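Okay, structure first, notes after.
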Protein chains: 2
Amino acid sequence: MSIRTGSRESPEMYLKSIYQLGVGDAPVPISTLSNRLGISPVSATEMIHRMEKRRLVKHIPYKGVSLTKRGLKQALAVLRRHRLWERFLTDRLGLPWEQVHDVACSLEHSVGPEVTEPLAADLGEPATCPHGNPIPTAEGEMPSERGLRLHELSAGQRAVVDVIRPENAEILEHLASHGVTLGAELELIEIEPLDGARTISVGSKQVVIGKELASCVVVHPIHA
Amino acid sequence: MSIRTGSRESPEMYLKSIYQLGVGDAPVPISTLSNRLGISPVSATEMIHRMEKRRLVKHIPYKGVSLTKRGLKQALAVLRRHRLWERFLTDRLGLPWEQVHDVACSLEHSVGPEVTEPLAADLGEPATCPHGNPIPTAEGEMPSERGLRLHELSAGQRAVVDVIRPENAEILEHLASHGVTLGAELELIEIEPLDGARTISVGSKQVVIGKELASCVVVHPIHA
DNA sequence: CTTAGGTTTAAGGTGTACCTTATAATAACT
DNA sequence: AGTTATTATAAGGTACACCTTAAACCTAAG
Ligand SMILES: [Mn+2]
Ligand SMILES: [Mn+2]
Ligand SMILES: [Mn+2]
Ligand SMILES: [Mn+2]
């Protein structure tokens with residue numbers, strides 16, 4: 001039977017986080033990483049050392065970590081699995097979109113391409129996850145993400161919702177309850193001068209959304 | 001983010017194995033268990049001790065291990081997940097039946113009922129896995145398995161294949177290549193007096209199968 | 001009733017993945 | 001240049017899940 005647990009989980013989560021925290025080729029400070037993962041900086045450093053031995057990351061002391069070619073490839077593979085499973089959970093099983101992220105975070109470590117690719121085929125090779133984030137290709141190419149954040153719109157502008165990020169259950173649920181879902185068309189009515197809260201109209205309703213929350217919504221402007 | 005790996009895998013594999021090795025209420029010797037799992041008896045004993053603290057098993061020294069109510073419930077839940085994933089992999093993704101067992105053995109530890117039950121519904125609440133083994137119900141009831149093994153048939157008897165067990169890739173592949181698949185109708189032609197090899201006819205062909213292998217095939221006799 | 005063989009415990013290790021509490025080293029800022 | 005805050009390392013732990021070798025123990029068979 002051979003049990004061989006292997007535990008790919010933790011290193012894969014580090015890889016994914018490093019990828020997602022990185023902007024351009026700037027190294028990610030270990031503190032940022034440890035913070036995101038909810039792990040002590042000392043433990044994160046330990047893990048980074050182990051991963052460096054496996055040539056998954058490069059650590060420049062006092063600067064941060066960056067992915068090697070191998071690491072990047074693996075990170076994108078995990079991200080692909082994650083988003084494909086999310087699609088499966090919503091499209092095939094009908095789970096609510098605010099719930100699928102956590103489940104997918106567990107499934108993403110459990111299978112290889114022999115399952116992922118047939119799954120992608122069955123789902124019709126989707127380009128994005130249910131929250132609008134692009135799915136890396138099987139070859140490890142990440143489609144470039146373009147788009148404005150909602151808080152970057154100016155008053156009077158109309159736009160369509162493309163992505164919600166991060167994929168936090170509370171955020172997703174809250175936005176959805178106000179009608180802010182993928183594909184929704186909205187108009188920015190006004191910006192509160194003091195706290196930066198945004199009043200938007202979506203559907204027939206008007207909603208007020210804090211600047212913080214507004215920055216979670218990625219849109220593309222339209223002229224109507 | 002909270003990484004919390006938890007590692008349900010190993011204990012769950014022990015539970016599943018104890019369930020499958022148990023006949024009736026007889027305790028399973030740890031040597032049998034350690035053997036099945038490919039783990040040293042000392043390590044298995046260690047694990048059993050940990051599981052006993054969690055009230056998953058009861059260990060009677062020099063006799064063996066048996067599942068507690070809690071342990072049994074969990075074992076059947078794992079088995080249900082395993083067999084549902086197998087069905088998913090064959091029915092939805094079209095993976096070959098000799099390959100799905102190993103993949104399912106990884107997936108079975110990754111999700112809870114919030115996924116399993118919608119999955120079961122999507123699959124049409126199947127009663128058996130692709131290899132014919134019964135799927136425990138969501139309530140934790142195991143449908144009783146009845147049926148003769150192929151090596152228990154006498155010459156001249158006709159029967160239909162219900163289950164192949166164990167779900168070993170080589171065994172499955174070999175049998176399938178001879179036309180011995182679920183639902184196949186066969187007739188036992190003769191039994192070799194010396195080594196007990198069975199000559200059977202299946203489809204239009206005649207095949208010789210060792211006694212060992214014949215015992216992996218569960219059938220129900222028919223009168224034709 | 002003895003004893004051989006299967007079973008358990010003891011002892012000491014490995015590697016992973018986390019923790020805390022220091023202390024050292026460095027980068028960036030005044 | 002000196003101070004401060006961040007970052008890294010050192011040291012010592014925990015828990016899991018495996019390993020080996022050796023001694024102790026029980027059971028069941030002879
Ligand atoms: Mn994950
Ligand atoms: Mn998503
Ligand atoms: Mn398994
Ligand atoms: Mn099966």
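Small disclaimer: the values here were computed from a predicted structure and weren't measured. So that the names make sense, note that chain A is the first sequence line, chain B the second, and so on, each numbered from 1.
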Among [options], find the nucleotide with the atom closest to the side chain of [X].
| X | options | value |
| --- | --- | --- |
| B:Ser40 | D:dC18, D:dC19, D:dA10 | D:dC19 |
| B:Pro61 | C:dT8, D:dC19, D:dA28 | C:dT8 |
| A:Ser10 | C:dA10, C:dA28, C:dA17 | C:dA17 |
| A:His49 | D:dA17, D:dT9, C:dA10 | D:dT9 |
| A:Ile39 | C:dC18, C:dT21, D:dA17 | C:dC18 |
| B:Met47 | C:dA28, D:dC18, D:dA10 | D:dC18 |
| B:Thr45 | D:dA28, C:dT8, C:dA17 | C:dT8 |

What is the distance, to the nearest angstrom, from the [atom1] atom on [X] to the [atom2] atom on [N]?
| X | N | atom1 | atom2 | value |
| --- | --- | --- | --- | --- |
| A:Leu56 | C:dT16 | CG | P | 13 Å |
| A:Arg54 | C:dA17 | CZ | C1' | 11 Å |
| B:Leu37 | D:dA17 | CG | P | 13 Å |
| A:Arg8 | C:dA17 | CZ | P | 13 Å |
| B:Leu33 | C:dT8 | CG | P | 11 Å |
| A:Glu9 | C:dG15 | CD | P | 22 Å |
| A:Ile60 | C:dT26 | CD1 | P | 16 Å |
| B:Ile30 | D:dC25 | CD1 | P | 18 Å |

N/O donor-acceptor pair, side chain A:Glu46 with base C:dC18, under 3.5 angstrom: yes
Is there a side-chain contact between [X] and the phosphate of [N], meaning an N or O under 4.0 Å from OP1 or OP2?
| X | N | answer |
| --- | --- | --- |
| B:Tyr14 | D:dC16 | no |
| B:Arg50 | D:dC16 | no |
| A:Tyr62 | D:dT9 | no |
| B:Lys63 | D:dA28 | yes |
| B:His59 | C:dT8 | yes |

Could you point out which residue of B:Leu72, B:Leu56, B:Leu76 forms a side chain to side chain contact (heavy atoms under 4.5 Å, CB included) with B:Leu15? B:Leu56
Steps toward salt bridge (charged side-chain N to carboxylate O under 4.0 Å, His left out) verdict (B:Arg80, B:Glu139): CA-CA 10 Å; B:Arg80 175 172 170 78; B:Glu139 293 74 37; over 6 Å; no
Determine the contact category for B:Ser31: base if any of its heavy atoms lies under 4.0 Å from a base atom, sugar-phosphate if only primed atoms, P, OP1 or OP2 are that close, otherwise nothing. sugar-phosphate
Of all heavy-atom pairs between A:Cys216 and A:Pro166, which one has the smallest distance, and what is that distance? SG-CD, 3.8 Å
N-O pairing of B:Lys16 and B:Glu108 below 4.0 Å: yes
If the plane angle is over 60° it's perpendicular, under 30° parallel, otherwise tilted; pick one for B:His101 and B:His131. perpendicular
In this structure, are over 12 heavy atoms from other groups packed under 6.0 Å from B:His59 atom NE2? yes
